[in-house]
Each structure stands twice: as structure tokens, then as C-alpha cells.
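Whatever order the structure lists them in is the order used to number ligands and atoms, beginning at 1.
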Amino acid sequence: MKTESILLALETKHPGEHEYLQAVKEVLLSIEEVYNQHPEFEKAGIIERLVEPDRIFTFKVPWIDDQGNVQVNLGYRVQFNNTIGPYKGGLRFHASVTLSSLKFLGFEQTFKNALTTLPMGGGKGGSDFSIRGKSNAEVMRFCQAFMLELWRHIGPNTDVPAGDIGVGAREIGYLYGMYRKLALENTGTFTGKGLDYGGSLIRPEATGFGGLYFVYQMLKTKGIDIKGKTVAISGFGNVAWGAALKATEMGAKVVTISGPDGYIYDPDGVSGEKIDYMLELRNSGEDIVAPYAEKYGVEFFPGKRPWQQKADIALPCAIQNELNEEDAKTLINNGVICVAEISNMGCTAEAVDLFIEKKVLFGPGKAVNAGGVATSGLEMTQNAMHLNWTASEVDEKLQQIMKNIHEQCCIYGKQPDGYINYVKGANIAGFMKVAKAMMAQGVV
Ligand code: 2IT
């Protein structure tokens, strides 16, 4: 593969799209060897076709705030690749959202969805709108204005959005309500819906639960029990919540959670009602964790990241590039055993390289956090069948899917010395599935 020249051409075409270029580079470097064994891929221009999204919708979202002022945000939907199923992926509402971040997320989503074994293509969307400090009515008006544009591009067999950062149960309710009104259909063109209108049990927990099921499998390869281990978690939203719940249930102790304002260290463990309190914090719309420290009398570290604390397991659960090389060094010096990205691309490329060099168990987001979208796939199945599975039915399927993803990573990622390079394993397994399907379907 002419990796260097492909990357150079992409950089020239899309200058400044750092996250997107970072995600593409990681995948290309890890699939190079396998790709070169398949000259037919090169002939079919698989890479050139895979790195560009199928199409991108960009639109303005005008809405009126509570003071009567007109506000204008940008909205996007990146339909990345639908070779193996309808475009599928979340919507992110966050001030940091740019075309670059959504392209990176859509690219990652394509491989992640392939890994789930379910028939879903990759997509992502969102807006630079931030729910921080907005009233409920403002959030509703924004969601409705956003949907007024997006609805014509999505559908149960074309593109099925879901939540992501800033888009939780409330936002999905407002978005779906407007979609349903405009599209005049009710087939569940959205996942993460409320239980009363087509949602699936376990979907809210699924990203965090799936992450811990994956960590369990990773530790098992080394004969290590998660029980009694200390866990550093970043973030305090839906993903961090699910991860804290499952980690605690498995007998581990979660000692940190964090927000844009800093992190809290709770030596007794974030457990029981303290986990419920995370939801309250999220719903307050203030985007800070400092009140946790006050409420439970623990230490708050303003402006700092949780990776400076000693922990056996580190779980980034917030946003991309939230753990850098310095953080990786600190964690390694403190004896970290396992680092698993439950956020998408939670670690910088330098941090990932260091973990792999030092043979730390490292799980990349597209494998570790695939339980969220996998359970979205299960929600789509239930909608199509017009029935609901029980929580244990969904959870059992989720566990099986995570085990399967772990196996796929081992098949392609096992090194001669026995170390499992999960980055390589996940990238190759995801790529091979999409590439083979693209080969079968011709140049389209
Ligand atoms: O990053 C992700 O996989 C998600 N935000 C969930 C996507 C989905 O369609 O459930």
C-alpha cells in the first residue's frame, strides 16, 4: 500500500482535519500488511473509496432562545459507508463538533459496526450546539429545528441516528418526536429511544456494560481477576455511568470521575447512590463534577485529569484525545495493567504507541465501546419484529457480541510473543469485513 502517499493526498485535500487524519492514519498503518496480501484490493481502489465518506450533509440550524434572540448553529450528517447495512451512528451536540471530528467518528463507526457482526454501515452527525446552560425549552426548539433539515435524509433502512455526547434520552425524545411528525412513519428511525416508544432495555447501559465485558475478556487472557482492582474513569455522562455500574458490580472499585472542570478522587469508590448521582449531575446541564466532591466530602482536582491517580485499570469515557503521552507515562509508572477506550479515540496516537510498546493491555474504542451501537442494532431488530426482549435477553446477546469482538481482535492481533495488539486486531477484522463486502458489490 502506498500509505504515505495516500495520507499525504488526504492531508492536502482536507487540510486541518486533524482528528479525521489521525483516525485514518491509525487504520492504514495497522492494515498495511494484510492489505498487501490482497492485490485485488488495490486494483479496486478499496482504500481510496473507504477513506472518503459517501456523502456529507451540512446545514444551518436557526432557532430562537428564551430571550427571543435568533441563534444559528451548524448541523451535519456524515453518511460514511453503507456497504454492509444502513448508515448507523450517533449525533453529537457539543461545542467542539467540527466536520473533522464527525468524519473521524463516522470513519471509526464503519469499522466498529462491522465488528459487531450486525448489518450496520457507518455514519455520524451532530452540531456545535452545546446543551450547557440551555433551558429545556431551548433544547427542544433546537432539536426540532435540527430535525427539520435532517429528517429527509434518514429512515429505517437508509440511516438510523442515535445519541452521543450531549444527546441523551431527552434529546432523542425531542428529535424523534419531530422526525415522526415530518416523516409520517413510526418504524423506529432512531435508537436509544425511550422504553415507552420503541426503545430497548439495556441500551442506556450498553456502552459502559459492553466496555467492561471487553475488559473482562482482556484480563482473562492474562488470568487476572477484575475483582478488587481500582479503576480510573473519566467523564460523568451516560458512558461513564454504565461503566461505573458494571465495574462496581464486577467487584472493582471506581476511584475517579471527571468533567471539563477537573476530576474527583473517591477512595471509598463511586458506588451505590453515588452512581445514580452521576445522572443527576449530567441532567443539571452544568457540565461540572465539582458538586460531587462537595456532596460526598472527597477531594476535587480542578483543571486536572484523572490519569495522575494510581489505578489498575484506566477507562477513558469522555471524548477523543483525552489521554496523552504524558498521561500514559504516568499510568505506566503507576503500574496500570489495562487501558480500554470506552470513548471514541480516547487516547492520542503517541499514548497508544507507548501502551503497546510497554505491552500494557490496550483496547481501542472501536472494539471496546462497540456494545453501544451493537445494542442499537438489537433495538432495530426488536422494532422490525414489533416486540421487546427482556433485559436479560438483551444483556446476554450483548455479552456474546463483546466476546465475539474480543475473539476477532485476538485472531488478527496476536503477536509472535503472545501479546495481543488489539488496535491491529480490531482494525484488520473490521477492515476485512467491509473490504470484502465492497469487493463483492463492485465500484459504486
Ligand atoms: O459512538 C457510538 O458508537 C455511539 N455514539 C452509538 C451509536 C449508535 O448508533 O448507537
Distances only, to 0.1 Å: what are the N or O pairs between ligand 1 and the protein that fall under 3.5 Å?
from, atom 1, to, atom 2, distance (Å)
ligand 1, 1 (O), Lys112, NZ, 3.0
ligand 1, 1 (O), Lys124, NZ, 3.0
ligand 1, 1 (O), Asn344, ND2, 3.0
ligand 1, 3 (O), Gln109, NE2, 3.1
ligand 1, 3 (O), Lys112, NZ, 2.7
ligand 1, 5 (N), Lys124, NZ, 3.3
ligand 1, 5 (N), Gly163, O, 3.1
ligand 1, 5 (N), Asp164, OD1, 2.8
ligand 1, 9 (O), Lys88, NZ, 2.7
ligand 1, 10 (O), Arg203, NH2, 2.9
ligand 1, 10 (O), Ser376, OG, 2.5

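Among pairs with a residue in residues 202-222, those fulfilling ring-ring contact (aromatic ring centres under 6.0 Å, His included) read Phe214-His406, Phe214-Tyr422, at least two apart in sequence or across chains.
Between Lys424 and Glu32, none of the side-chain N atoms (NZ, or NE/NH1/NH2) sits under 4.0 Å from a carboxylate O, so this pair counts as no salt bridge. Electrostatic pairing of Lys60 and Glu149 does not count as a salt bridge here, judged by no charged N lying under 4.0 Å from a carboxylate O.
If you look at Trp63 and Phe129, their ring centroids are closer than 6.0 Å. Taking the six-membered ring where the residue is Trp, the centroids of Phe57 and Tyr76 are separated by 6.0 Å or more. Phe355 has its ring centre less than 6.0 Å from the ring centre of Phe362.
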